[in-house]
Protein chains: 2
Amino acid sequence: MHPGSLLVQGLATPTTMDIPTAAQPSAELYQTQEQLIPLITSFLENEAHQLFVPSLAIDTAIFSFQNDKLKILLLRFWNTPYYCLPGGFVGKQQTLDEAAYAILRERTGLTTIYLDQFYTSGNLERFGNDALLTKLRELGAAPRPGNWLEQRFVSVCYYALLDEVAFCQTIDPLVFEPEWVDIDKLPEMLYDHAEIAGKALERLQFDLNHKFVGFNLLPEEFTMGELQKIYEAIHQTQLDRASFQRKMLSLGILERLEKKYTGKAHKSPYLYRFNKVPAAAEALAG
Amino acid sequence: MHPGSLLVQGLATPTTMDIPTAAQPSAELYQTQEQLIPLITSFLENEAHQLFVPSLAIDTAIFSFQNDKLKILLLRFWNTPYYCLPGGFVGKQQTLDEAAYAILRERTGLTTIYLDQFYTSGNLERFGNDALLTKLRELGAAPRPGNWLEQRFVSVCYYALLDEVAFCQTIDPLVFEPEWVDIDKLPEMLYDHAEIAGKALERLQFDLNHKFVGFNLLPEEFTMGELQKIYEAIHQTQLDRASFQRKMLSLGILERLEKKYTGKAHKSPYLYRFNKVPAAAEALAG
DNA sequence: CCAAAAGTGTTTTGCATACACCCATGA
DNA sequence: TCATGGGTGTATGCAAAACACTTTTGG
């Protein structure tokens, strides 16, 4: 295995979807700048062109729900105070969905993930002004003209919902350090990623009421209170408990299971599960 | 002016947005196959690579409202029974919106158009199986390996609404013959364009109720009855006249003008205009 | 028995629908 | 004055919202 291929996974999207997550060699080997820079340079000058569709990038807004708050996964760029969204490129034989899915799996280690394309950004901001190239030049490296990042990129944007607090793989900690950030405390971001994150949240808020995506942020079995907290966090409002319960139940897509005994001194809530029978899918379409 | 540049406009997107529509030379000059084939071949082998972002296409679903029916603009491909959506490519210095807008103006001659990106299609259907290449080979031409259409393409899709029955420019009648088609009588289409057209209609139906886009299909001043017909055509239902009027007026985004005397033997309807004050925009956001 | 949280019932309000009625217009 | 289509008023029904009440649990 060519040593650069790990770097490819770190920087970008694997070209196939069946790379076993657990069996990957440790990225620690490439954590020093001295080792990284020539690998990155080689990637930008050679491998990237061979593996990926030119001009095309994927950015993902990955949401999860922790401590009653909606979080988004950001990557802090190379020891700067600037953040960006996890992203990657599209393998020459990959569909867009496959490429986005691969990025998700690479970053989170999870395989069951809700994923939805919501926007394609075609502005020219990054063209000739890439952060990674600038950083490399600061460090004395100079990838040749015509390298991968000197293209103009169009970015297809996805948002994703995680149903467990994902452990976040640090596949390339020196270049991109992952961090879960409160959705209402977004830091300064590179390129147009702040705008993309904003659009992702808008879309999530919208889909929540029209496609019932909320349960994707919870484990398979959940209480009504937990589901309500998701709605409140995403819409940043307070909801009436009784009305919320009736509304959810009236959709006919939740299945009531046995009670959950929490050990707390109050009535135990029922557990619910999303009902996957065809009838439920119908109810959501309208 | 290089003769191929007209062809470029015919096949694809101009790279700038200020080509004067009226001053274009007639395309009649290039209407025979003998003249067209070498120009197309040269375009595919040379000019396209220089002008456009690789791997990226734009497809547009252009809607208008004629005789109380919703129509979509399709292009019949080179004397076959197959149709496709008007499309083009993205100039190296164009944003996606600019490229889509240029295609619209090129095909319709109009400059004020509602335009909304709704989907990016990344399947591999067209890869290695392009209709134009196949047709050229049937005709004995053989663009060299590595020509523009041998790439894998990702297509950014827009839908557009025209507020007048556009005259449809026949810039390349031999290759693509334009035709307004009833939305409920879609013919067989190339690539995944049938799917894209379907998604465009779904999106239009959805936006109609959430972003009040309907008035973009009408001239600036219109009667309530005309607006209602738009809604009925797009949703394929009958609506109550009284309820419709109250709902529209309650949105607070219509401005009532003077009456319109039609010459018909009945009460004359008021004319309305879309209200562009900021308050209206707020009303639409929710 | 109490506090806390969950579940359910009841009232009210708002909105969409349906339908009725009146108005303006030109033949 | 009549037919036609446009504008407005009114009754009805459904569903969401607000609030009250009951139930369950562990201390």
Side-chain angles (χ1 to χ4, degrees), chain A residues 67-68 205-206 208-210 212 214-215 218-219 221-273 275 282-286, chain B residues 67-68 205-206 208-210 212 214-215 218-219 221-273 275 283-284 286:
Chain A
N67 305 324
D68 296 352
Q205 289 175 337
F206 195 88
L208 195 61
N209 294 334
H210 293 83
F212 195 66
F215 68 92
L218 288 170
E221 300 184 355
F222 49 88
T223 68
M224 197 59 81
E226 289 167 339
L227 186 60
Q228 183 173 343
K229 277 178 184 157
I230 300 269
Y231 275 70
E232 290 178 337
I234 292 178
H235 279 136
Q236 317 206 29
T237 53
Q238 297 273 95
L239 297 173
D240 180 84
R241 200 167 46 84
S243 303
F244 183 81
Q245 175 140 203
R246 247 191 306 275
K247 186 168 183 173
M248 287 300 127
L249 292 179
S250 75
L251 292 173
I253 52 185
L254 292 182
E255 189 180 346
R256 181 176 278 183
L257 307 171
E258 79 289 357
K259 290 195 173 189
K260 176 188 183 184
Y261 289 84
T262 59
K264 299 279 178 60
H266 56 72
K267 192 172 180 175
S268 354
Y270 289 103
L271 285 173
Y272 293 89
R273 178 167 57 192
N275 185 357
E282 298 294 320
L284 295 177
Chain B
N67 305 324
D68 296 353
Q205 289 175 338
F206 195 89
L208 195 62
N209 295 333
H210 292 83
F212 196 67
F215 67 93
L218 289 169
E221 301 183 356
F222 49 87
T223 69
M224 197 58 81
E226 289 169 339
L227 186 61
Q228 184 174 341
K229 277 177 184 157
I230 300 270
Y231 275 70
E232 291 178 337
I234 292 178
H235 279 135
Q236 317 207 31
T237 52
Q238 296 273 94
L239 298 172
D240 181 84
R241 197 166 48 84
S243 305
F244 183 82
Q245 175 139 203
R246 248 190 306 275
K247 185 168 182 173
M248 287 299 128
L249 293 179
S250 75
L251 293 173
I253 52 185
L254 291 182
E255 189 179 346
R256 179 175 280 184
L257 308 171
E258 79 288 358
K259 290 195 173 187
K260 177 187 184 184
Y261 288 84
T262 59
K264 299 277 178 61
H266 55 73
K267 190 172 179 176
S268 356
Y270 289 104
L271 286 173
Y272 294 89
R273 178 167 56 192
N275 185 356
L284 295 176

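In this text, all values refer to a predicted model and were calculated from it rather than measured experimentally. Per chain, numbering begins at 1; letters A, B, ... match sequence-line order.
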- Task: Please report, rounded to the nearest Å, how far the P atom of dA15(D) is from the CG atom of Leu251(A).
- Result: 12 Å
- Message: Checking the side chain of Gln238(A) only, and the main-chain atoms of Glu232(A) only, is there a donor and an acceptor separated by less than 3.5 Å?
- Response: no
- Query: Got a sec, which residues hit ring pair (Phe, Tyr, Trp, His ring centres under 6.0 Å) with Phe244(A), two or more places apart in sequence or on another chain?
  - Reply: Tyr231(A)
- Note on the structure: Residue set satisfying salt bridge (Lys or Arg N to Asp or Glu O under 4.0 Å) with Arg241(B), at least two apart, ordered chain then number -> none
- dist Leu257(A):CG -> Glu221(A):CD (nearest 0.5 Å) comes out at 5.0 Å
- Query: salt bridge (Lys or Arg N to Asp or Glu O under 4.0 Å) with Arg256(A): which residues, sequence neighbours excluded?
  - Reply: none
- Item | Whole-Å distance separating the OH atom of Tyr270(B) from the P atom of dC23(C) | 13 Å
- Item | Spacing of Gln245(A) atom CD relative to dA16(D) atom P, expressed in whole Å | 14 Å
- Item | Whole-Å distance separating the CD atom of Glu226(A) from the P atom of dG7(C) | 11 Å
- Message: Let me check the geometry of the helix from dC1(C)-dG27(D) to dA27(C)-dT1(D). What is the bend angle between the axes at its two ends, five pairs each, to 10°?
- Response: 10°
- Is the Tyr272(B) ring parallel, tilted or perpendicular to the Tyr270(B) ring (thresholds 30°, 60°)? perpendicular
- Do the side chain of Glu258(A) and the main chain of Leu271(A) share a donor and acceptor less than 3.5 angstrom apart? no
- If we only count heavy atoms from C-beta on, is the Phe215(B) to Arg273(B) side-chain gap below 4.5 Å? no
- For the residue pair Gln228(A) and Leu239(A), what are the closest heavy atoms and their distance? NE2-O, 3.0 Å
- Query: Separation of Asp68(A) atom CG from dA5(C) atom P, in whole Å?
  - Reply: 12 Å
- Item | Reading 5' to 3' through nucleotides 9-21 of chain C, protein heavy-atom contacts under 4.0 Å coded B for base, S for sugar-phosphate only, - for none | BB------BBB--
- Which atoms form the tightest heavy-atom contact between Thr223(A) and Pro269(A), and what is the distance? CG2-CG, 3.8 Å
- Query: What is the distance, rounded to the nearest whole Å, between atom CG of Leu271(A) and atom P of dA5(C)?
  - Reply: 18 Å
- Query: Can you tell me how far CG of Asp240(B) sits from CZ of Arg246(B), rounded to the nearest 0.5 angstrom?
  - Reply: 8.0 Å
- Atom CG of Leu227(B) and atom C1' of dG7(D): how far apart are they, to the nearest Å? 16 Å
Atom pairs, N/O to N/O, protein against nucleotides 24-27 of chain D, distance under 3.5 Å?
| unit_1 | atom_1 | unit_2 | atom_2 | d |
| --- | --- | --- | --- | --- |
| dT24(D) | O2 | Lys267(A) | N | 2.5 |
| dT25(D) | OP1 | Tyr261(A) | OH | 2.9 |
| dT25(D) | OP1 | Ser268(A) | OG | 3.3 |
| dT25(D) | O4' | His266(A) | O | 3.3 |
| dT25(D) | O2 | Ala265(A) | O | 2.9 |
| dT25(D) | O2 | His266(A) | N | 2.8 |

- Nearest-Å distance for atom pair CZ/C1', residues Phe244(A) and dA5(C): 16 Å
